[in-house]
Amino acid sequence: MINSIIFILLWVGAIAFFTWNVKKISRNIKLGRDIDRKGNKKKRWSLVLKVAVGQSKIMRLPISGILHIFVYAGFILVNIEMLEVMVDGIAGTHRALSFFGFLYPIAISAFEFFALLVIIGCLIFLVRRNVLRVNRFWKPEMKWWPRLDANLILLTEVILMTSIFFMNASDVILQSRGFEHYHKVGSFFLSSVFIPMLTNLPSETLVFIERLCWWLHIVGIMIFLNYIPYSKHFHVFLSFINVFHSKLEPVGKLANMPSITTEVKSMLTGEEPPLDENAEDVAFGAQDVKQLTWKHLMDSYTCTECGRCTRVCPANITGKILSPRKLIMDTRDRLELTGKNIDKKGDDYSDDKTLFDYISAEELWACTTCNACTNACPVNIDQVSLILELRRYIVMEQAAAPGELNAIFNNIENNGAPWQFSQDDRMLWADELYINEKSDQ
Amino acid sequence: MTEGKQKIKVPVMADLFAKGEKPEYLLWVGSAGAFDDRYKKVTRAFVKILTHLNISYAVLGVEESSSGDVARRAGNEMLFQMQAMTNIEIMNSYEVKKIITCDPHAFNTFKNEYPDYDGNYEVMHHTQFLYKLISEGKLNIKSDLFKNKTITYHDPCYLGRANGEYDAPREVMTTVPSKKVEMKRNKSNALCCGAGGGQMFKEAEKGDKEIFIERTEDLLETGADIIVTACPYCMVMMTDGLKYKNKEEEIKNYDIAELIEQSLEL
């Protein structure tokens, strides 16, 4: 009885705290300006199925791809067992779903198999990060916290999964001894490996191990759930939503700026632009998170710092400081701080800082807009459009483009080409052009 | 059978329109195609192919101006939209419906970005146009000029990743008898030449090496005799890369149009 109450209270607390944090993240994302990403639902759902559920882009790197599927699919499937844990926890029963008879040990053995996949995946991931030191996990932006964050997640998952094996192994021994409460439900395939290790222990110790693992598993899941909003691991929720809101147009299309269209039209026609009383004073581009779209901000919370974007970035490969992942992490750090400031000091508070205190012009101007990063991102983050919004601000609001680029802007304006050639010379290439004519006459 | 050189008079939109003629295609030459010495040769090669196949086309000539692609990607949206709207006004005044261009950047911005300003055209990159002619049986290549050569292809970002066109250029290349090899990074994984997004016109930021050198090393690894590109920026960058590696004598750098022009002995 008392156990049931503790169990229920813990869950209520865990879910309440989680909801509170999710609401905060959601509020922060909504600080961004609006962008329409709702149309063509059918295509959006099929993207979710393919890219998020189906992990299609993760599989482009087959080794980490397969391992990720182990952990992702394994974790989801293992947690079906949570159903029984919930029933047992609330009702004070033991293995309530064992009334399924012979199917029950088969199901539990299957879950054990998935748990093993998760453990294998996480252990190899730990080795890749810490022993093999795969390059993309050791870039400058991977400071102590991003590295620790990743290791904590992997270790927690290993502990959560291992607890299942010890819980099941002790249970089976207790069943065979006919110990009170531990009725016969059958034996389980993988955890039986641990039986010889435990079989000499007294029943009371086994009960302690079984209960400890049960609570460790359940409390572990609660802690893990509430750790996620503070961690890069939030991608487990947001990746599906982020992929749903992907840009559907061809990758090469950049976002239009309708405010400029109105202005340019009036310049070309000489007519006054139509007065729009609802028009807000919009900045040209973005210098801070509120001037980005909510999709940029969602991108930043979706990023799990895998570094596949940076791995393929031509600028990064050749030693420039630009790292697309860093820009996304900076955006999230800036957004988190902006959110904290709002919580503490109100909506209108400004800390006199901008994204440019996090991201340098040198990083932004190193991008070739080649879209290798967006192509590589397993959760459809759009790094290029973030870079573009910041460039737009530098060029149009600060008039601080690099000198060489200002020169080509002038040339385009004055003579219609990035080079200083007269527009009147645009046909010189066609002079003295001959073709070898072959005819059968 | 007689053979001789015929002078090509490149048709200009304004002249045709004055005579009441309307060509099927606008050939967008692009700033590099008109002014860059190396890429002028590509424009000339492609015009020869169009002439050889009796394609109804014209160019804008001195009425053409920058597509605005580089201005937009370098953050100057104002300048981009001015260029776009001015170009659209001219193209619409000539009732342009179909555009061909050798420049993937112009191709991308016309196809995907000009529709925001009422510029709606059927846009084809020259590799797509050549592939169309080949599949329609209008373009046949019988030459064995490259039979003993090994050719590799560099995917321009704005044709490949930006617009998903990986096949057309490769299909065109298969019609030219030769040995084909792929670089280790190809198609959607291809490495950028380093020139897009405004980089063509500025010094690269501090780093260990230039991007075009990294890409040239991909090329050298294949052992190819010829690298084929389909973009004016890639052409400049790969030419520089070959020079840097002192390979410009051994390894030729052609645009697909030039590969076809030479195969047809135009």
Side-chain angles (χ1 to χ4, degrees), chain A residues 249-254 256-257 260-261 263-265 267-268 284-285 312 314-315 317-322 362 365-372 375 388 391-392 394-396 401-402 404-405 408-409 412-413 416-419 421 423-424 426-427 429-430 433-441, chain B residues 1-8 10 31 34-35 40 43-44 47-48 51-52 61-62 64-66 70-79 81-83 85 108 112-113 116-117 157-158 161-163 188 191-192 194-199 201-203 205-211 214 265-266:
Chain A
E249 292 108 346
V251 176
K253 182 189 180 349
L254 295 183
N256 188 27
M257 292 182 67
I260 283 184
T261 311
E263 209 162 306
V264 172
K265 267 188 185 155
M267 275 163 68
L268 292 176
F284 291 158
V312 296
I317 289 171
T318 54
K320 279 86 178 174
I321 57 168
L322 169 62
E362 184 181 341
W365 290 116
C367 172
T368 68
T369 70
C370 77
N371 272 300
N375 179 66
L388 181 76
R391 279 186 177 186
R392 281 173 169 171
I394 294 177
V395 171
M396 292 188 285
E404 300 130 302
L405 292 180
I408 66 155
F409 296 154
I412 292 173
E413 224 174 309
W419 299 280
F421 291 112
Q423 195 161 4
D424 292 336
R426 274 206 176 245
M427 278 305 283
W429 63 267
L433 179 56
Y434 297 93
I435 186 168
N436 289 324
E437 275 300 322
K438 290 177 208 161
S439 66
D440 296 326
Q441 290 157 10
Chain B
M1 177 156 164
T2 59
E3 207 170 298
K5 279 194 183 299
Q6 289 280 325
K7 188 163 185 175
I8 298 177
V10 178
S31 301
F35 293 126
K40 277 197 254 182
T43 315
R44 289 163 73 93
V47 160
K48 283 189 195 176
T51 311
H52 170 70
V62 296
E64 198 186 273
S65 186
S66 165
V70 64
R72 175 169 248 196
R73 275 145 191 88
N76 197 335
E77 183 72 6
M78 188 75 85
L79 181 55
Q81 292 203 12
M82 301 238 297
Q83 290 302 116
M85 282 186 228
N108 174 69
N112 300 319
E113 298 176 343
D116 282 338
Y117 320 103
C157 305
Y158 277 81
R161 273 188 296 272
N163 289 289
S188 71
L191 184 75
C192 172
Q199 303 302 330
F201 303 97
K202 57 184 264 299
E203 285 295 316
E205 278 63 25
K206 200 165 77 51
D208 308 331
K209 64 157 92 146
E210 295 273 359
I211 296 171
E214 174 88 9
E265 292 167 43
L266 294 176

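In what follows, every chain begins at residue 1, and chains take the letters A, B, ... in the order their sequences are listed. The analysis underlying the following values was restricted to heavy atoms, covering all of them including side chains, and did not include hydrogens, waters or symmetry mates.
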Search all heavy atoms of [X] against all heavy atoms of [Y] and return the closest pair with its distance.
{"X": "A/Trp429", "Y": "B/Ala34", "result": "CD1-CA, 3.8 Å"}
{"X": "B/Phe35", "Y": "A/Ala417", "result": "CE1-CB, 3.7 Å"}
{"X": "B/Ala74", "Y": "A/Leu405", "result": "CB-CD1, 4.1 Å"}
{"X": "B/Asn163", "Y": "A/Pro250", "result": "OD1-CB, 3.8 Å"}
{"X": "A/Thr368", "Y": "B/Cys192", "result": "OG1-SG, 3.2 Å"}
{"X": "B/Ser65", "Y": "A/Gly416", "result": "OG-CA, 3.2 Å"}

Does [X] reach the main-chain N or O of [Y] with its side chain, forming a donor-acceptor pair under 3.5 Å?
{"X": "A/Gln423", "Y": "B/Val62", "result": "yes"}
{"X": "B/Lys7", "Y": "A/Ile435", "result": "no"}
{"X": "B/Glu203", "Y": "A/Glu404", "result": "no"}
{"X": "B/Arg161", "Y": "A/Asn375", "result": "no"}
{"X": "B/Asn108", "Y": "A/Gly252", "result": "yes"}
{"X": "B/Gln199", "Y": "A/Trp365", "result": "yes"}

Would you compute the distance between atom [atom1] of [X] and atom [atom2] of [Y] and round it to the nearest 0.5 angstrom?
{"X": "B/Glu210", "Y": "A/Thr318", "atom1": "CD", "atom2": "OG1", "value": "8.0 Å"}
{"X": "A/Leu433", "Y": "B/Arg44", "atom1": "CG", "atom2": "CZ", "value": "4.5 Å"}
{"X": "B/Arg72", "Y": "A/Arg391", "atom1": "CZ", "atom2": "CZ", "value": "13.5 Å"}
{"X": "B/Met78", "Y": "A/Met396", "atom1": "CE", "atom2": "CE", "value": "7.0 Å"}
{"X": "A/Asn436", "Y": "B/Lys48", "atom1": "CG", "atom2": "NZ", "value": "6.5 Å"}
{"X": "A/Glu413", "Y": "B/Met82", "atom1": "CD", "atom2": "CE", "value": "5.5 Å"}

Out of [options], which one racks up the most heavy-atom pairs below 4.5 Å with chain B?
{"options": "A/Pro402, A/Ala401, A/Cys367", "answer": "A/Cys367"}
{"options": "A/Ile260, A/Ile394, A/Ile408, A/Val251", "answer": "A/Ile260"}
{"options": "A/Asp424, A/Leu388, A/Asn256, A/Val395", "answer": "A/Asn256"}

Any [X] side-chain heavy atom under 4.5 Å of [Y] side chain:
{"X": "B/Glu205", "Y": "A/Ile321", "result": "no"}
{"X": "A/Thr261", "Y": "B/Asp116", "result": "no"}
{"X": "A/Glu362", "Y": "B/Lys206", "result": "yes"}

Q. Is any NZ, NE, NH1 or NH2 atom of the basic residue among B/Glu77 and A/Arg392 found under 4.0 Å from an Asp or Glu carboxylate oxygen of the other?
A.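 Salt bridge present between B/Glu77 and A/Arg392.
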
Toward chain B, the part of [X] with a non-hydrogen atom under 4.5 Å:
{"X": "A/Glu249", "answer": "neither"}
{"X": "A/Trp419", "answer": "side chain"}
{"X": "A/Leu254", "answer": "both"}
{"X": "A/Ala430", "answer": "both"}

Measure [X] against the heavy atoms of chain A and call it side chain, backbone, both or neither at under 4.5 Å.
{"X": "B/Tyr158", "result": "side chain"}
{"X": "B/Ile8", "result": "both"}
{"X": "B/Asn76", "result": "both"}
{"X": "B/Phe201", "result": "both"}
{"X": "B/Glu214", "result": "side chain"}
{"X": "B/Glu64", "result": "both"}
{"X": "B/Leu191", "result": "side chain"}

Open item on the list: Using a 4.5 angstrom heavy-atom cutoff, name the option from B/Asn112, B/Val10, B/Thr43 with the most pairs to chain A.
Closed with: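 The candidate making the most pairs under 4.5 Å is B/Asn112.
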
